[in-house]
Participant: 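So that we are looking at the same thing, I have put the structure below in structure tokens.
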Number of protein chains: 2
Amino acid sequence: MQAKTDLFPPDLARLAEAAKALGHPARLAILQTLAERGACVCGEVVDELPLAQATVSQHLKALKAAGLVRGEVDGPRSCYCVDGTALRALADGLGGFLAPLLDALPPDDDADCC
Amino acid sequence: MQAKTDLFPPDLARLAEAAKALGHPARLAILQTLAERGACVCGEVVDELPLAQATVSQHLKALKAAGLVRGEVDGPRSCYCVDGTALRALADGLGGFLAPLLDALPPDDDADCC
DNA sequence: ATCGGTTATCGCAGATGTACGATATATTCT
DNA sequence: AGAATATATCGTACATCTGCGATAACCGAT
């Protein structure tokens, strides 16, 4: 199927894209690891995860494609780090999406809907 | 492939699951529609989206499986509404995940990482 | 130039997601 | 009962994701 993502408002499409990047525990773990280590570590990420090197590389590629992570070639090894700006933008985007929804909801009850 | 989601901390797995539910523009649009209409509308969601009825029903099912939406059968039509508690929990979960990452980052610069 | 270590990419396989038409189901109305 | 409407599910087709081994590409050191 062709991705019908262009039939939706571009902001929704973008947000969905970013959410999809968070949609796998390995990628969440990668982000945590990169952030914990202060800056960018390379293949140590592989050691942190219960996945093969090839698989981790793919997840890193996905995060890079989503813009959440930047990678630089540093000699024989590669160097990844969280893109703070992008991560902040993502947090803002999610907040900007979710907050109005929560506001629009009945303030107190969560019991019945109909 | 078996989903290796059980090789990761359960909180990461749960958050990834929720993020995946937001990982499609149609589902974001559905959430918006349901929230806008105050409470629960049924097949009006189908009219709002550029998708076939069967496809919308599937997305609704996915949102229901993720716990973000509740559905009740109301006579000949079905009635969906956003689960405010679950949505708040999701917002908190995302915030709780992203905030520490942002804190751990170098506060100002977003230039280089290595 | 070659070796050794690190990372990216390829190719494959199985699973899951996306979308739709067709069909089943359920409920109201006549 | 039967028709009409609304929704869910089934079956299908294709796309994408996930994971891994194997291999290529790259770079520093010997």
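Here is the naming used below: chain letters follow the sequence lines, and residue numbers restart at 1 for every chain.
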Participant: Side chain to side chain contact (heavy atoms under 4.5 Å, CB included) for L34(A) and L63(A)? Distances and angles first, verdict last.
Facilitator: CA-CA 12 Å; L34(A) 288 181; L63(A) 285 170; 5.8 Å; no
Participant: What pairs with Q53(B) under side-chain hydrogen bond (donor to acceptor under 3.5 Å, both in side chains), at least two apart in sequence or on another chain?
Facilitator: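 None.
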Participant: Between dT7(C) atom C1' and E72(A) atom CD, what is the distance in whole Å?
Facilitator: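 After rounding, the gap between these two atoms is 15 Å.
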Participant: Rounded off to whole Å, could you give me the CG-to-P distance for the L63(A) and dC17(D) pair?
Facilitator: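 From L63(A) CG to dC17(D) P: 13 Å.
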Participant: Let me know the distance between CG of L49(B) and C1' of dC20(C), rounded to the nearest Å.
Facilitator: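 Result: 15 Å.
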Participant: Does K20(A) or V73(A) map to a spot on DNA chain D nearer the 5' end, using the closest nucleotide for each?
Facilitator: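 Here K20(A) is the residue nearer the 5' end.
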Participant: Distance check needed: dT5(D) P versus D47(B) CG, whole Å only.
Facilitator: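 After rounding, the gap between these two atoms is 14 Å.
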Participant: Do R37(B) side-chain atoms and C81(B) backbone N/O form a donor-acceptor pair below 3.5 Å?
Facilitator: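 Such a contact is absent between R37(B) side chain and C81(B) backbone.
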Participant: L7(A) CG to dT18(C) P: how many Å, rounded?
Facilitator: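 Value for this atom pair: 14 Å.
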Participant: In terms of the angle between their ring planes, are H59(A) and H24(A) parallel, tilted or perpendicular, with boundaries placed at 30° and 60°?
Facilitator: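 H59(A) vs H24(A) ring planes: tilted.
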Participant: Measure from NE2 on H24(B) to C1' on dA15(D) and round the result to the nearest Å.
Facilitator: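 Interatomic distance, NE2 of H24(B) to C1' of dA15(D): 11 Å.
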Participant: Work out which heavy atom in L28(B) is nearest to a heavy atom in L12(A); give both atom names and the distance.
Facilitator: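 Looking at all heavy atoms of both residues, the closest pair is CD1-O, 3.4 Å.
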Participant: Please produce a list of atom pairs where a protein N or O lies less than 3.5 Å from an N or O of nucleotides 7-11 of chain D.
Facilitator:
{"unit_1": "dT7(D)", "atom_1": "OP1", "unit_2": "G43(B)", "atom_2": "N", "d": "3.0"}
{"unit_1": "dT7(D)", "atom_1": "O3'", "unit_2": "S78(B)", "atom_2": "OG", "d": "2.9"}
{"unit_1": "dA8(D)", "atom_1": "OP1", "unit_2": "S78(B)", "atom_2": "OG", "d": "3.4"}
{"unit_1": "dA8(D)", "atom_1": "OP1", "unit_2": "Y80(B)", "atom_2": "OH", "d": "2.4"}
{"unit_1": "dA8(D)", "atom_1": "OP2", "unit_2": "S57(B)", "atom_2": "OG", "d": "3.1"}
{"unit_1": "dA8(D)", "atom_1": "N7", "unit_2": "Q53(B)", "atom_2": "NE2", "d": "2.8"}
{"unit_1": "dA8(D)", "atom_1": "N6", "unit_2": "Q53(B)", "atom_2": "OE1", "d": "3.2"}

Participant: Ignoring backbone atoms, establish whether H59(B) has a side-chain N or O less than 4.0 Å from OP1 or OP2 of dA19(C).
Facilitator: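 Affirmative; the distance criterion is met.
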Participant: Under a 4.5 Å cut-off applied to non-hydrogen side-chain atoms, are L31(B) and L22(B) in contact?
Facilitator: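 SC-SC contact between L31(B) and L22(B) confirmed.
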